Amino acid sequence: MCAQNDNSISYQKLLEGNQKFVADALKIDPDYFAKLAKGQSPPVLWIGCADSRVPANQITNTKPGEIFVHRNIANMVIHTDMNMLSVLDYAVNVLKVKHVIVTGHYGCGGVIAAMSNKEFGLIDNWLRHIKDVYRLHADELVAIEDEQERVDRLVELNVIENVYNLCKTTIVQNAWANGQDLSVHGWVYSIETGIIKDMEVSTTDNGKMESVFRFSPGP
């Protein structure tokens with residue numbers, strides 16, 4: 001038998017936590033899991049950061065089944081990311097979500113890493129997309145003298161740019177072209193306060209998008 005260490009104790013606590021979760025849920029509603037097993041129809045797709053401190057359901061006070069979730073480093077919408085695109089396609093075209101929310105958070109490690117000149121390894125290829133956001137807004141960011149304020153602003157700009165990236169996808173544009181009720185939003189969450197900031201970039205069509213990114217309706 002392997003000797004127990006802190007990691008194994010933590011692992012066991014996960015299983016114990018699951019048993020407590022089941023027991024507590026069944027006390028409130030004996031049919032809780034039977035209802036969940038029947039299927040899902042969440043109205044929201046959440047594209048967030050993989051940071052363990054930003055759980056979608058907890059910070060929005062929602063229940064399992066109410067938010068469809070995709071998470072990656074620094075809440076990126078990258079057009080070559082088949083994982084993200086597959087989640088988006090399923091959420092929009094099968095689940096028929098009404099809202100897609102790109103949610104970043106202040107103090108994001110991915111954004112901080114992208115602002116440095118340090119080499120981190122494979123993840124540098126992912127962080128390069130955040131560096132591109134910095135490049136697009138370099139004049140504004142360089143003018144911010146306080147380093148923390150500069151990081152916070154890049155977090156916000158990264159959310160805004162990824163909302164735009166989301167709108168540029170054929171998945172979202174086709175949904176709009178077909179008259180589907182779909183809104184896209186950008187939020188930034190503060191771990192220090194627990195408050196979500198709406199970046200006020202919500203849209204329901206591609207009307208404000210540069211023409212080169214708009215797709216013409218199919219035949």
Side-chain angles (χ1 to χ4, degrees), residues 44-56 59-60 67-88 91 99-169 171-173 182-203 206 208-210 212-213:
V44 175
L45 167 61
W46 172 287
I47 300 178
C49 182
D51 193 300
S52 61
R53 300 167 296 175
V54 192
I59 68 176
T60 56
I67 299 183
F68 198 60
V69 178
H70 172 79
R71 298 170 73 175
N72 60 44
I73 300 297
N75 42 272
M76 302 298 289
V77 177
I78 299 173
H79 294 152
T80 55
D81 181 1
M82 294 304 296
N83 187 350
M84 182 280 299
L85 291 173
S86 297
V87 171
L88 178 63
H99 302 276
V100 183
I101 308 171
V102 178
T103 306
H105 66 95
Y106 296 117
C108 179
V111 170
I112 294 171
M115 292 183 73
S116 76
N117 298 112
K118 185 177 179 180
E119 182 179 339
F120 295 94
L122 178 65
I123 196 174
D124 292 321
N125 298 281
W126 187 267
L127 298 179
R128 196 216 71 203
H129 297 281
I130 307 174
K131 290 179 181 288
D132 285 339
V133 174
Y134 190 103
R135 175 180 56 83
L136 289 172
H137 300 276
D139 290 344
E140 176 185 352
L141 292 166
V142 170
I144 301 175
E145 295 183 2
D146 184 84
E147 183 177 354
Q148 186 59 58
E149 289 181 10
R150 192 183 311 120
V151 172
D152 288 348
R153 183 54 180 159
L154 183 55
V155 165
E156 294 175 348
L157 292 169
N158 188 54
V159 165
I160 292 170
E161 289 297 332
N162 281 289
V163 168
Y164 293 158
N165 288 341
L166 189 60
C167 295
K168 293 172 188 174
T169 63
I171 297 168
V172 170
Q173 290 200 46
L182 181 65
S183 300
V184 178
H185 315 272
W187 290 354
V188 177
Y189 173 70
S190 171
I191 295 173
E192 291 185 350
T193 66
I195 300 298
I196 291 171
K197 179 180 180 179
D198 187 345
M199 295 310 301
E200 298 182 355
V201 290
S202 299
T203 184
N206 63 2
K208 296 181 180 179
M209 190 182 300
E210 294 180 16
V212 70
F213 294 114

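Note that this is a predicted model, so its numbers are computed, not measured.
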| note | Minimal heavy-atom distance between E149 and I144, with the atoms involved, is CB-CG2, 3.7 Å
| query | For Q148 and D152, does a side-chain donor sit closer than 3.5 Å to a side-chain acceptor? | reply | yes
| query | Between D124 and R128, is the closest basic N to carboxylate O distance under 4.0 Å? | reply | no
| task | Would you sort out whether R153 and E156 count as a salt bridge (Lys or Arg N to Asp or Glu O under 4.0 Å), showing the intermediate values? | result | CA-CA 5 Å; R153 183 54 180 159; E156 294 175 348; 2.9 Å; yes
| task | Evaluate the side-chain proximity of L88 to V77: yes if any heavy-atom separation is below 4.5 Å, no if none is. | result | no
| How many angstroms lie between atom CZ of R71 and atom OG of S52, to the nearest 0.5 angstrom? | 7.5 Å
| CG-CD1 distance between N165 and I78, expressed to the nearest 0.5 angstrom | 8.5 Å
| Euclidean distance, S183 OG relative to I101 CD1, rounded to 0.5 Å | 9.5 Å
| Is the side chain of K131 donor-acceptor paired with the backbone N or O of S116 at a distance under 3.5 Å, no angle test? | yes
| task | Please examine the side chains of K208 and Y164, heavy atoms only from C-beta on, and report whether any two atoms are closer than 4.5 Å. | result | no
| said: Is any side-chain heavy atom of N162 closer than 4.5 Å to one of I47? | reply: no
| query | Taking C-beta and beyond as the side chain, do E192 and Y106 meet within less than 4.5 Å on heavy atoms? | reply | no
| How long is the gap from CG on L154 to CD1 on I130, to the nearest 0.5 Å? | 7.5 Å
| query | Any side-chain heavy atom of T169 sitting closer than 4.5 Å to one from H79? | reply | yes
| task | Could you check if a side-chain atom of F213 sits within less than 4.5 angstrom of a side-chain atom of N206, using non-hydrogen atoms only? | result | no
| query | Roughly how far apart are D51 CG and I191 CD1, rounded to 0.5 Å? | reply | 5.0 Å
| remark: Exactly one of N158, D81, L127 clears side chain to side chain contact (heavy atoms under 4.5 Å, CB included) with M76, and that residue is N158
| request: Find out whether W187 and V159 are in side-chain contact, i.e. whether some heavy atom of one side chain is under 4.5 Å from a heavy atom of the other. | output: no
| note | Distance col, row T103:OG1 vs W46:CH2, nearest 0.5 angstrom, shows 3.5 Å
| query | Would you call V184 and C167 a side-chain contact if the rule is heavy atoms closer than 4.5 Å? | reply | yes
| task | Please report the shortest heavy-atom distance between L166 and V172, naming the atom on each side. | result | O-CG2, 3.4 Å
| If only atom types and distance count, is the side chain of R150 paired as donor or acceptor with the main-chain N or O of V142 below 3.5 Å? | no
| Counting distance only, does the side-chain N/O of H70 pair as donor-acceptor with the main-chain N or O of L45 below 3.5 Å? | no
